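On a predicted model such as this, the values are computed, not experimentally measured, just so you know.
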Amino acid sequence: MQPSPYTPGEIARTVPGRSQQLAEVDERLSVLVDLGRLVGRIRVDHAARGFGKTSLLREYQRRATARGVSTIWVTAGEATGLTAQIAAEVSRATSGLSEKTRKALHDRIATLELSLGIPGVASASGTLRPPTREATTELTGARALETIITAAAGERPLLILIDEIQAADADGLRTLVYAWQHLQAEGPRLPAAVFAAGLPNAPETIASIVTFSERLAYRPLGSLHREAEEIALVGPARALGVDWTQPAVDRALEIAQGYPYFVQLIADAAWTAAGRPDPGSSVSVTAVERGRIAMQADLDALYRARWSACAPAERRLLATIADLGDGPVPRSAIAAAMKTGSNQLSTPRARLIDKGLIQPADRGMLEFTIPGFAAFVRDVDA
């Protein structure tokens, strides 16, 4: 028996089907490392939950680390705020830098604490020297963060990775984007970059806070295409000497519907149903069918958790969308079915997009983000 090589709900070890994203990031890393230049636009990959955003961001980090880049990871949304999170993580990542750079960096972090009134940032990596007279000049907000990034990237390229960027506080987002605007104009030879990931509402959230969001590169992540799904399904098994029969592959991908989390979930369930096969064995369509039954408990828990987190007005909107079908639905049809105007739907619609339950499809259309959720809503609302 062999443990399952699949990772539902965990950080994936590989990201098949994301070759375009990886190629773009490799090119940006070349600008960072080979040319020693600033990556001028903050990159934001965005998609609903379950599409592998965090796994993709971790792959960016692995590739950057392999090229000698200093990387810091921040999951936005902590009470301290995005600026304090970045400063604290930069401070922790200075162990490999020279004493001179560490002192300069710690002075700037202490200045940020003083200028923004952030408690505890400067002490994140231990007792630091008090800021010098030069460091206590009138540096506030974006300028203070800019000096931290400049000091941190002075010896080695720096990559800041931000997960769940849509959850960042408004002041922190504004400070980061303004700091990056300054660096674009004043520090183009500074080897630094920011890659982020967020929900589908990330572009709108950021645009509501900063007026020049064109300085960010938004990249939506779609469903996996057939070849990528098959690689994600078959590849980990073959690495352990196990094959999938073609009928098993076809059935598993029919169940997954291109949703990365479901690919991992059905693969893991089928692996268990196959008895955690030894090398030389195979996963059959019978194991997939048994796995489908077993994974239903996970799906029910997922659907119920999403449903229970919705307010009554949001549930009514979800039920209406579900009644109109499983695919993209025109907003006008939703408004007509609910006997209301489209504007009256804007608040629950925005909240459901924020929660990652629905997303804009084609122009004027909405769709569910999770396969099978429409059927669940029809059943629970019956």
Side-chain angles (χ1 to χ4, degrees), residues 11-47 51-76 82 85-87 89-98 101 105 145-146 148-165 168 176-177 179-198 202-203 206 213-222 224 228 231-232 260:
I11 302 298
R13 303 180 184 95
T14 60
V15 285
R18 304 305 185 194
S19 57
Q20 178 180 345
Q21 289 80 9
L22 295 176
E24 291 174 356
V25 163
D26 283 342
E27 188 269 337
R28 296 291 86 189
L29 290 177
S30 291
V31 170
L32 190 70
V33 177
D34 300 330
L35 301 182
R37 284 169 37 192
L38 183 82
V39 176
R41 298 177 75 192
I42 296 172
R43 179 189 177 93
V44 181
D45 290 289
H46 58 94
F51 277 77
K53 301 182 302 298
T54 300
S55 295
L56 186 60
L57 203 61
R58 286 295 187 187
E59 179 62 22
Y60 297 164
Q61 184 181 36
R62 286 191 289 268
R63 291 180 178 227
T65 301
R67 300 206 60 183
V69 177
S70 293
T71 65
I72 68 165
W73 182 280
V74 169
T75 300
L82 183 63
Q85 288 181 270
I86 292 173
E89 292 305 315
V90 168
S91 181
R92 292 190 184 100
T94 62
S95 59
L97 302 179
S98 68
T101 298
L105 181 59
L145 181 59
E146 180 187 350
I148 291 173
I149 294 169
T150 300
E155 287 186 21
R156 196 163 59 191
L158 173 70
L159 173 61
I160 300 170
L161 301 116
I162 305 172
D163 199 14
E164 301 289 353
I165 192 170
L176 174 65
V177 177
W180 221 254
Q181 182 186 36
H182 296 161
L183 289 171
Q184 288 174 351
E186 302 166 9
R189 299 299 302 177
L190 185 74
V194 176
F195 297 159
I206 296 171
S213 60
E214 69 276 2
R215 297 188 184 278
L216 291 87
Y218 296 110
R219 299 291 184 264
L221 294 178
L224 294 178
I231 291 170

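- Between Glu24 and Arg28 there is no salt bridge, since no side-chain N of the basic residue sits under 4.0 Å from a carboxylate O of the acidic one.
- Atom CD in Glu164 sits 7.5 Å away from atom OG1 in Thr75 (nearest 0.5 Å).
- In terms of heavy atoms, Ala152 sits closest to Val90 at CB-CG1, 3.7 Å.
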Ile42 vs Leu176, test: side chain to side chain contact (heavy atoms under 4.5 Å, CB included). Steps then yes/no.
CA-CA 10 Å; Ile42 296 172; Leu176 174 65; 4.2 Å; yes

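- With rounding to the nearest 0.5 angstrom, the CZ atom of Arg63 is 9.0 Å from the CG atom of Leu29.
- The main-chain N or O of Leu35 is found under 3.5 Å from a side-chain atom of Arg189 such that the two form a donor-acceptor pair.
- Between the CD1 atom of Ile162 and the CZ atom of Phe195 there is a distance of 11.5 Å, given to the nearest 0.5 Å.
- Interatomic distance, Leu190 CG to Thr150 OG1, rounded to the nearest 0.5 Å: 5.0 Å.
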Given side chain to side chain contact (heavy atoms under 4.5 Å, CB included), test Val44 with Val194 step by step and report yes or no.
CA-CA 9 Å; Val44 181; Val194 176; over 6 Å; no

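- Heavy-atom minimum distance, Trp180 versus Val39: NE1-O, 3.0 Å.
- No side-chain heavy atom of Lys53 sits under 4.5 Å from any side-chain heavy atom of Asp45.
- Minimum interatomic distance between Gln21 and Leu221 (heavy atoms only, all atoms of both residues): NE2-CD2, 3.4 Å.
- In this structure, Arg215 has no salt bridge (charged side-chain N to carboxylate O under 4.0 Å, His left out) partners at least two apart in sequence or on a different chain.
- The backbone N or O of Leu216 sits less than 3.5 Å from a side-chain atom of Arg41, completing a donor-acceptor pair.
- The CG atom of Leu38 sits 9.0 Å away from atom CD1 of Ile149, with the distance rounded to the nearest 0.5 Å.
- Contact of the Glu59 side chain with the Arg18 side chain is not registered, since no non-hydrogen atoms from C-beta on lie closer than 4.5 Å.
- When every heavy atom of Ile231 is checked against every heavy atom of Pro16, the shortest pair comes out as CG2-CB, 3.8 Å.
- Listed here is the closest heavy atom pair of Gln61 and Thr71: NE2-OG1, 3.3 Å.
- Checking side-chain atoms of Trp73 against main-chain N and O of Glu89 turns up no donor-acceptor pair under 3.5 Å.
- To the nearest 0.5 Å, atom CG of residue Leu82 and atom CD1 of residue Ile165 are 7.0 Å apart.
- Closest heavy-atom contact between Ala64 and Leu159: CB-CD2, 3.6 Å.
- Looking at heavy atoms from C-beta onward, Phe51 lies out of side-chain contact with His46 at the 4.5 angstrom threshold.
- Looking at Asp34 and Arg67, a side-chain N of the basic residue comes within less than 4.0 Å of a carboxylate O on the acidic one, giving a salt bridge.
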